[in-house]
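Heads up, the thing below is written out as structure tokens.
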Amino acid sequence: MARVVLFLVMFLISNFVNSQSSLDDQINEKFENATGWFVDAIFAQIPLTEEVGIPWVLLVLLLGASYFTFYFRGINFTGFRTAIRIVRGKYDSLESDTSIQVSESIYTDDGDNPDTVRIEGHDGEVTHFQALTAALSATVGLGNIAGVAIALSIGGPGATFWMILVGFLGMASKFVECTLGVKYREIDEDGRVFGGPMYYLTKGLKEKGLEKFGKVLAIIFAIMCIGGSFGGGNMFQVNQAFQLFEYVSGGEESFIHGKGWLFGLIMASLVGIVIIGGIKKIARVTDKIVPAMVFLYVLAVITILVINYTSIPDAFMAIFNGAFAPEGIVGGFIGVLIQGFKRAAFSNEAGIGSSSIAHSPVKTNYAASEGLVALLEPFIDTVVICTMTALVLIITGQLEVGAEISDAQGVVLTSNALKSGISWFPYLLSFAVVLFAFSSMISWSYYGHQAWSFLFGRSKKMEYLYKTIFCIFVVIGSAATLGSVTDFSDAMIFAMLVPNMIGLFLLLPKVKEELVKYRNAIKNQS
């Protein structure tokens, strides 16, 4: 048996060395044949017209976000000011006052897992700001750069309008899932927090008499989350970062050309150093990286907008006028939400459930407080950053409406838009993209590990096994062109919405209770 394995390994290495592109093509073909049915099922479209269709997963996200907005009476807007105040620390005294919510019996055994201790009112591991930046680090990325360029190339400037609309609606979905993430989180005897859809699906639905159904949904979600963490949250991120870095540094003449493995090895080393430390280490890194990378990118974009300030009114007019034109609608729903957000789990991941994992370890006694903080994510990610990218692309005239472009071409379009203002800005963008990719990978490693530990246990052995595999995929992602693998992982990320959205709808009354409880606490404080 050992000889057979050794032969297969030597055969694969020989093929890779002699003909890397051929090996990539073979892997793509075989993987597509095996998983194509799943990808087709997840992205199956519901026809709207003879020429235009909308994927059913997208329809579920949009209808769900709209319903949550209605159910909570516009929490996207009414809770915005409170969310800002929470992040700024105005209500920190509520978070430290355990007497309000914690009973005499603080520790309660979890019947499902005797080794787990659930602590009501536990302080958690990270601050509101750190939880927000950890979640943002996974959502702010290539979807804001490449995705926007792709969407506008297909649908024109009007696509931006629909992008903003979906960003606002997504705020409600984010509020619901992150409130549940904190409410049903678990804390082990070492103080480590475990949360996310896996836990509110099992515990929340158990309270409603749907224990077996909840466990099945949780397992499905966990499997999809692990697959998505290796693909869209890892390989795709590092692959696109390498492509832009290679392009900016000279393309085929670059010192890094053909050495994606070296780029991946460096990234894997940096990722490994961070993720070994768990969520506290990740949070300490992201609360510095996220503001820095957003600042760098926004600074470059604002500079271009200031240089071309006279064109800004015309750009907004083009967005508004094109929003309801046929190409604007196609670009908004098909271009933005499929082409653009497909590569970054709809950019803000609202309704997917992943962000609730990052928000679960927050230090709070009120679940709804973190739900309110979480609704800032889609606003920052989609309404602000994506809109600024769109304005730069429109103003600099880099768009060729109607052209179908790849993710790599989308990054190049944005790079050229910045270059039109200041020649060295593409270098700044390249650095920002590397930060985007790095921060996305470390956050998705945490998501995947949480799902992994739910399925395989919380031992150190299983933890290091997952993190080792994750780092290996960093190298693979930067060195190979695995289109079908990435498509499959994207489909797995989208599939996460199925069990998650079922849980969100069934547990809405619990979210409402938490919101009322927190608002009453704020009133009593004032």
Side-chain angles (χ1 to χ4, degrees), residues 48-49 51-52 54 58 62 65-66 69 74 76-77 80 140 142-171 294 297-341 344 346-348 378-405 409-422 425-426 429:
L48 299 179
T49 67
E51 299 180 353
V52 178
I54 182 171
L58 174 56
L62 287 173
S66 300
T69 299
N76 341 37
F77 306 100
F80 192 86
V140 176
L142 291 164
N144 306 85
I145 301 172
V148 174
I150 291 171
L152 269 65
S153 293
I154 294 176
T160 310
F161 177 88
W162 301 109
M163 178 173 58
I164 295 172
L165 175 62
V166 173
F168 277 119
L169 291 175
M171 294 167 70
V294 171
Y297 182 67
V298 170
L299 177 64
V301 170
I302 289 179
T303 301
I304 303 301
L305 294 178
V306 170
I307 293 174
N308 300 277
Y309 73 95
T310 56
S311 301
I312 294 178
D314 292 336
F316 275 112
M317 189 62 68
I319 290 172
F320 184 78
N321 291 337
F324 301 97
E327 64 271 16
I329 295 175
V330 172
F333 286 95
I334 305 302
V336 175
L337 300 179
I338 299 174
Q339 301 296 333
F341 290 176
F346 291 92
S347 184
N348 55 50
F379 180 81
I380 296 171
D381 175 271
T382 308
V383 178
V384 176
I385 299 179
C386 287
T387 302
M388 293 180 70
T389 301
L391 286 173
V392 167
L393 289 166
I394 294 169
I395 288 173
T396 57
Q398 293 295 319
L399 297 175
E400 182 182 345
V401 179
E404 293 190 13
I405 61 176
Q409 292 170 319
V411 173
V412 171
L413 271 181
T414 305
S415 177
N416 290 337
L418 296 179
K419 186 177 181 180
S420 67
I422 297 178
F425 266 4
L429 177 63

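Computed over heavy atoms, backbone and side chain alike; hydrogens, waters and symmetry mates excluded. In this chain, numbering begins with 1 at the start of the sequence shown. All values derive from a computational prediction rather than experimental measurement.
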List in chain and number order the residues that pass ring pair (Phe, Tyr, Trp, His ring centres under 6.0 Å) with Phe316, two or more places apart in sequence or in another chain; answer none if no residue qualifies.
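Expected list: none.
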
Look at the aromatic rings of Phe379 and Phe168 and report parallel, tilted or perpendicular, splitting at 30° and 60°.
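Because their plane-to-plane angle lies in the 30° to 60° range, the rings of Phe379 and Phe168 count as tilted.
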
If I compare all heavy atoms of Ala65 with all of Gly170, which pair ends up nearest, and what's the gap?
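Answer, listing the atom of Ala65 first, then Gly170: CB-N, 4.3 Å.
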
Would you give the length of the straight line joining atom [atom1] of [X] to atom [atom2] of [Y], rounded to the nearest 0.5 angstrom?
X      : Y      : atom1 : atom2 : answer
Ile319 : Met163 : CD1   : CE    : 7.5 Å
Ile304 : Leu299 : CD1   : CG    : 10.0 Å
Asn308 : Thr310 : CG    : OG1   : 6.5 Å

side-chain contact (heavy atoms from CB on, under 4.5 Å) against Ser66, all qualifying residues, sequence neighbours excluded:
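Ser66 satisfies side-chain contact (heavy atoms from CB on, under 4.5 Å) with Leu169 once adjacent residues are dropped.
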
With Phe320, which residues qualify under side-chain contact (heavy atoms from CB on, under 4.5 Å), at least two apart?
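Per chain and number, Phe320 pairs via side-chain contact (heavy atoms from CB on, under 4.5 Å) with no residue.
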
Expected list for residues 384-395: side-chain donor-acceptor pairs under 3.5 angstrom, two or more places apart:
| residue | atom | partner | partner atom | Å |
| --- | --- | --- | --- | --- |
| Thr387 | OG1 | Val383 | O | 2.5 |
| Thr389 | OG1 | Asn144 | O | 3.0 |
| Thr389 | OG1 | Tyr297 | OH | 2.5 |
| Thr389 | OG1 | Ile385 | O | 3.1 |

Is the closest side-chain heavy-atom distance between Leu305 and Ile312 below 4.5 Å?
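Answer yes - side chains close enough.
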
